[in-house]
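Here the structure comes first, spelled out in structure tokens, and everything after it is commentary.
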Amino acid sequence: MIQNEFQDSSGFEMSIVRVALPVPLPQVFDYLAPDATAADVGRCVTVPFGRGERNGLILALGAAAAIEPARLKTVRHIQREVPPLPADWLELVDFVARYYHAPIGEVVALALPPGLRRADGVSGEDEDPLLQIAAAGREALHSPRRASKALALLQTLAAAGAGPWRRSVVRALEGGEAVGELLRRGWVGGAERVAARHATGARPEPTPEQTQALEAILGAGPGFKPWLLHGVTGSGKTEVYLRLAAHLLAQGRQVLMLVPEIALTPQLERRVAQRFAAAHVVSLHSALADGARSRGFVQALAGEADIVLGTRLAVFAPLPRLGLILVDEEHDASYKQQEGVRYSARDLAVWRARQRGVPVVLGSATPSLETWYHARSERYALQTLSQRALAATLPAVRCIDTRRLRLDEGLSPALQAALGERLERGEQSLVFLNRRGYAPVLSCPSCGWVSRCPHCSANLVVHLADRRLRCHHCGCDGPIPSACPSCGDQDIRPFGRGTQRVEARLAELFPQARVLRVDRDAARTRRQWESVLATIAEGGADILVGTQMMAKGHDFPNLTLVGVIGADAALHAADFRAPERLFQQLMQVGGRAGRGALAGTVLIQTEYPAHPLYQQLARHDFDAFARMALQERRSAGFPPFTHQAMLRADAPALDAAVDFLRHARRLAEECAPEGLRLYDPVPMRLTRLARRERAQLLIEADQRGVLQGFLAGWVALLYRQRTVRELRWQLDVDPLEV
Ligand code: ADP
Ligand code: ZN
Ligand code: ZN
């Protein structure tokens, strides 16, 4: 425990502070700090480092410095405007550093908002105050006066109930721009925080299954307990989260709610804001401006925030009154950071819940096999929602056998007919193809030239919308050549298909339809994404062509058909997690169909209609899929039955990367305990990325403890190796991509 190291230090020794700095070295740095006391542990500091200065965090007071005090440098500034990070938070980052074998300074740098770490002037000052109708406002409502925007908004508020409301909530109302005017006229004023923690928004009566889940989770009382809430798409998992949150808020506790990608879930953000209109909801994600992120973090730290809603980095929000952790779509790969410190926010959420003695609820329609296995072996308690809350039924899922069909740009006659029917009925359809761009490659039929990325071992994707060739891995792009760069032939052609090509063909096949493409090219920013969602919701599109962006939790009541094309490739992918991801994706995207009053249909085009995965999907039988997949993993010796770590190295030349890994493997052989398996270094599947060649070395053990014990010693050795310049290496514990 970090706390105990310094508590009994004497006054003299307290002038040394141990600082975590964002440098790739697994150590802390000692500095002199004449006026530092135990109250400064957990505070940000600016210190001289090399020829410049760095910002870091005081982890402890040093009893005796590793180097002579006379040679220590002195801290420049200790940031005392905000409360220090508490001991449990320091323990969290310490755990992350140990479990993922990452330098503590890098973990701290990742966990703290940059603005706070830089010790910018930060305040937790509330920029989203609570408002209530004031006496002058009540008078205005009851005396005759000229219609105005301000009056209209006041009337809307009065009709909405007693309040109070967050200013941001008022702004989001129809005519909400007039909120400033309301304040100026004194019609609304600041409200006290008294009633703040009570849920105010309208809420539906829970279904019997929701009631059962709520009673079980709340009935278990306080204390650590991990839950899997397994509910089919549209079964009302979110409603369960909101009711659980309301319960804990009423007890004066804070709730942490993690979501995979906040930009994709504006509906959820709004739902939380409206349900808890008077509570203090803080959003935390990496797209926030520095100031806003620091402010939200400090509000959480000060205990002012009631709900922290955020992406994986929100798992690091300090929460003194924490009472519950919710992890929505727990299976989502974006909970795992894929660069730097490769932590899993889902796993850390469970660790934090145990540390703080609070329940944690992992929710999903398609849980990860790891979580599912925990539930099966009763380490996690299971609650199931098998019925949809609103729609009467789950969509009917059918396969279209494409083996003997002529496809028109990937579209079978049956799918075209189904699209035509929906169009006639005025309903929406979605064609799901998880590949953006026009075509995955441009090629020359006469000499065989293909558009390769100059920096990666990947092809350049044809983007006809803006007439570019673009690498989806390193982002480099250039114009589409008018003739083959190699032989000059003008007959170069795009091969294969992406969303743009299907969009173009659908527009030709259904000239009367409004076709809308939904992928990361069409919705690059959150604003664009919201406008796409609004267009769909307002019925401004008939046929959507979308990637997995469309799979995330949205309700499109008028969407009744989902057609899946090009899914088969994932059946035969090398990655052992590919089938799991395919099943999750198809179940999620299929779950978009028929969420309203209209029944939904999912048509999957495939050359393997009898494949068990598609059959299980057609029966909505996640359990059967998971049993089968776990059985395969057990016999092949894959997670969750083994534990893995991956050492990756990259350098301008492949030999340098492989040589380093060979050396690392020799070091490992010397200290490998019984039960540890070392594999051979191999080039990664996408070997070259952004001009660097990459290789990897897999390490495995049946017991997590064996793996962790080994890694600690081995990584310490690796840090001591002199490597050729330009070589970089990283360790990935519990890698998702193998
Ligand atoms: P999930 O998170 O499981 O996909 P949601 O919580 O989004 O499901 O619920 C799906 C839809 O059903 C939403 O429109 C939601 O408002 C509605 N809903 C959820 N629970 C109920 C309920 N108990 N009664 C009526 N409607 C509900
Ligand atoms: Zn050519
Ligand atoms: Zn590239």
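Heads up: numbering here begins at 1 and tracks the sequence. One-based numbering, in listed order, for ligands and for the atoms of each. Below, all heavy atoms of this structure are taken into account, side chains as well, without hydrogens, waters or symmetry copies.
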Determine whether R517 and D519 satisfy the following criterion, salt bridge (Lys or Arg N to Asp or Glu O under 4.0 Å), listing intermediate values before the conclusion. CA-CA 6 Å; R517 178 162 51 84; D519 56 23; 3.1 Å; yes
May I ask you to identify, for E329, whether its side chain, its backbone, both or neither come under 4.0 Å of ligand 1 on a heavy-atom basis? neither
Only heavy atoms of [X], strictly under 4.0 Å: list the atoms of ligand 1 that pass.
X    : value
E205 : 22 (C), 23 (N), 24 (N)
R271 : 5 (P), 6 (O), 7 (O), 15 (C)
R595 : 4 (O)
T207 : 23 (N)

If we count only N and O atoms by modelled type, under 3.5 Å, do the side chains of [X] and [Y] hold a donor and an acceptor together?
X    : Y    : answer
R422 : T560 : yes
R452 : S457 : no
T371 : E330 : yes
S235 : E209 : no

More than 12 foreign heavy atoms under 6.0 Å from [atom1] of [X]: is that the case here?
X    : atom1 : answer
R468 : CZ    : yes
R691 : CZ    : no
R685 : CZ    : no
R398 : CZ    : no

Touching ligand 1 at all, R388? Heavy atoms, strictly under 4.0 Å? no
P206 near ligand 1 by a heavy-atom separation under 4.0 Å: yes
Hey, do the aromatic rings of H230 and W372 have their centres closer than 6.0 Å? yes
Please confirm whether [X] comes within less than 3.5 Å of ligand 1 when only nitrogen or oxygen atoms on both sides are compared.
X    : result
G236 : yes
T233 : no
P204 : no

How far is [atom] from the closest protein heavy atom, and which atom is that?
atom                    : result
atom 21 (C) of ligand 1 : A389 CB, 3.6 Å
atom 26 (N) of ligand 1 : L390 CD2, 3.5 Å
atom 20 (N) of ligand 1 : Q210 NE2, 3.0 Å

If you round to the nearest 0.5 Å, how far is OG of S364 from CG of D332? 9.0 Å
At a cut-off of 2.8 Å, what protein N/O/S atoms sit near the Zn ion (ligand 2)? C444 SG, C447 SG, C484 SG, C487 SG
Verify the distance test for C471 against the Zn ion (ligand 3): any N/O/S atom under 2.8 Å, yes or no. yes
Just checking: C453, one of its N/O/S atoms, less than 2.8 Å away from the Zn ion (ligand 3), yes or no? yes
Among L362, V361, T384, whose side-chain contact (heavy atoms from CB on, under 4.5 Å) with L229 holds? V361
Opening angle between SG in C456 and SG in C474, taken at the Zn ion (ligand 3), to 10 degrees: 110°
May I ask you to say whether E370 pairs ionically with R577, meaning some side-chain N is under 4.0 Å from a carboxylate O? yes
Evaluate the side-chain proximity of R627 to D623: yes if any heavy-atom separation is below 4.5 Å, no if none is. yes
